[in-house]
Amino acid sequence: MASEQTLSEVLNRLEKAVASLEDAVDRQLEVRENYRDAEEEVQRMNSDRSRLAGELDASEARAERLEDVNKEVSRRLVTAMETIRAVLDR
C-alpha cells in the first residue's frame with residue numbers, strides 16, 4: 001500500500017510538472033507570437049516613415065519652387081508698378 005501511495009504521489013507530481021511545462025511552453029509561444037507581431041508592426045511603421053519622408057521631401061521642394069515663383073512674380077509686379085508710375089508721372 002505504501003508503494004501504491006508513493007506511486008500515486010509520484011504520478012501526481014509528474015502530472016503537475018507536465019502541466020506546468022505545458023503552461024510554460026504556451027506562454028513562450030505567446031511571447032514569440034507577440035514579438036513577431038511587434039516586429040511586423042515596426043516594419044510597417046518604418047515603411048510608412050520612409051513613404052512619409054519622401055512625401056515631405058517632395059512637398060518641401062514644391063514649397064521652395066512656389067516661394068521662388070512668388071518672389072519672381074512679386075519682383076515683376078514691383079517693376080510693372082514702377083513702370084506705370086513713371087508713365088503716369090510724365
Side-chain angles (χ1 to χ4, degrees):
M1 192 101 160
S3 62
E4 275 185 33
Q5 189 176 25
T6 304
L7 180 60
S8 177
E9 288 173 358
V10 168
L11 289 175
N12 265 347
R13 287 193 345 237
L14 179 60
E15 188 175 311
K16 287 179 183 178
V18 168
S20 178
L21 179 60
E22 287 175 344
D23 289 343
V25 168
D26 287 343
R27 284 191 304 273
Q28 184 63 30
L29 290 173
E30 187 175 327
V31 165
R32 286 184 183 181
E33 174 99 12
N34 290 340
Y35 181 77
R36 185 173 45 247
D37 291 346
E39 282 292 317
E40 290 172 359
E41 182 66 20
V42 167
Q43 288 176 357
R44 280 192 297 274
M45 290 171 65
N46 282 335
S47 175
D48 285 347
R49 183 196 157 284
S50 294
R51 180 183 54 81
L52 291 171
E55 290 177 8
L56 179 61
D57 289 345
S59 294
E60 286 176 340
R62 184 171 186 267
E64 286 177 15
R65 287 191 310 271
L66 288 173
E67 187 176 340
D68 291 343
V69 167
N70 187 23
K71 287 178 183 176
E72 179 61 20
V73 167
S74 179
R75 186 189 65 75
R76 288 182 183 187
L77 281 173
V78 167
T79 302
M81 288 188 316
E82 288 173 352
T83 303
I84 291 170
R85 280 193 188 118
V87 168
L88 290 176
D89 286 343
R90 288 186 190 169

Looking only at atom types and distance, does a side-chain atom of [X] sit under 3.5 Å from a main-chain N or O of [Y], one as donor and one as acceptor?
{"X": "Ser20", "Y": "Lys16", "result": "no"}
{"X": "Ser47", "Y": "Gln43", "result": "no"}
{"X": "Thr79", "Y": "Arg75", "result": "yes"}

Using a 4.5 Å side-chain heavy-atom cut-off and chaining through intermediate ILVMFWY residues, the residues clustered with Val25 come out as Leu21, Leu29
Answer yes if Leu77 and Val69 sit in the same cluster of Ile, Leu, Val, Met, Phe, Trp and Tyr residues linked by side chain heavy atoms under 4.5 Å apart, and no otherwise. yes
Roughly how far apart are [X] [atom1] and [Y] [atom2], rounded to 0.5 Å?
{"X": "Ile84", "Y": "Leu88", "atom1": "CD1", "atom2": "CG", "result": "7.5 Å"}
{"X": "Met45", "Y": "Glu41", "atom1": "CE", "atom2": "CD", "result": "6.0 Å"}
{"X": "Glu64", "Y": "Ser59", "atom1": "CD", "atom2": "OG", "result": "11.5 Å"}
{"X": "Asp48", "Y": "Glu55", "atom1": "CG", "atom2": "CD", "result": "9.5 Å"}

Does [X] have more than 12 heavy atoms from other residues, nucleotides or ligands lying within 6.0 Å of its [atom1]?
{"X": "Arg44", "atom1": "CZ", "value": "yes"}
{"X": "Arg51", "atom1": "CZ", "value": "yes"}
{"X": "Glu15", "atom1": "CD", "value": "no"}

Asp68/Arg65 under side chain to side chain contact (heavy atoms under 4.5 Å, CB included): CA gap, chis, key distance, verdict: CA-CA 5 Å; Asp68 291 343; Arg65 287 191 310 271; 5.6 Å; no
Test salt bridge (charged side-chain N to carboxylate O under 4.0 Å, His left out) on Glu33 and Arg36; report intermediate values, then the result. CA-CA 5 Å; Glu33 174 99 12; Arg36 185 173 45 247; 2.9 Å; yes
Between Arg76 and Glu72, is the salt bridge (charged side-chain N to carboxylate O under 4.0 Å, His left out) condition met? List the steps. CA-CA 6 Å; Arg76 288 182 183 187; Glu72 179 61 20; 2.9 Å; yes
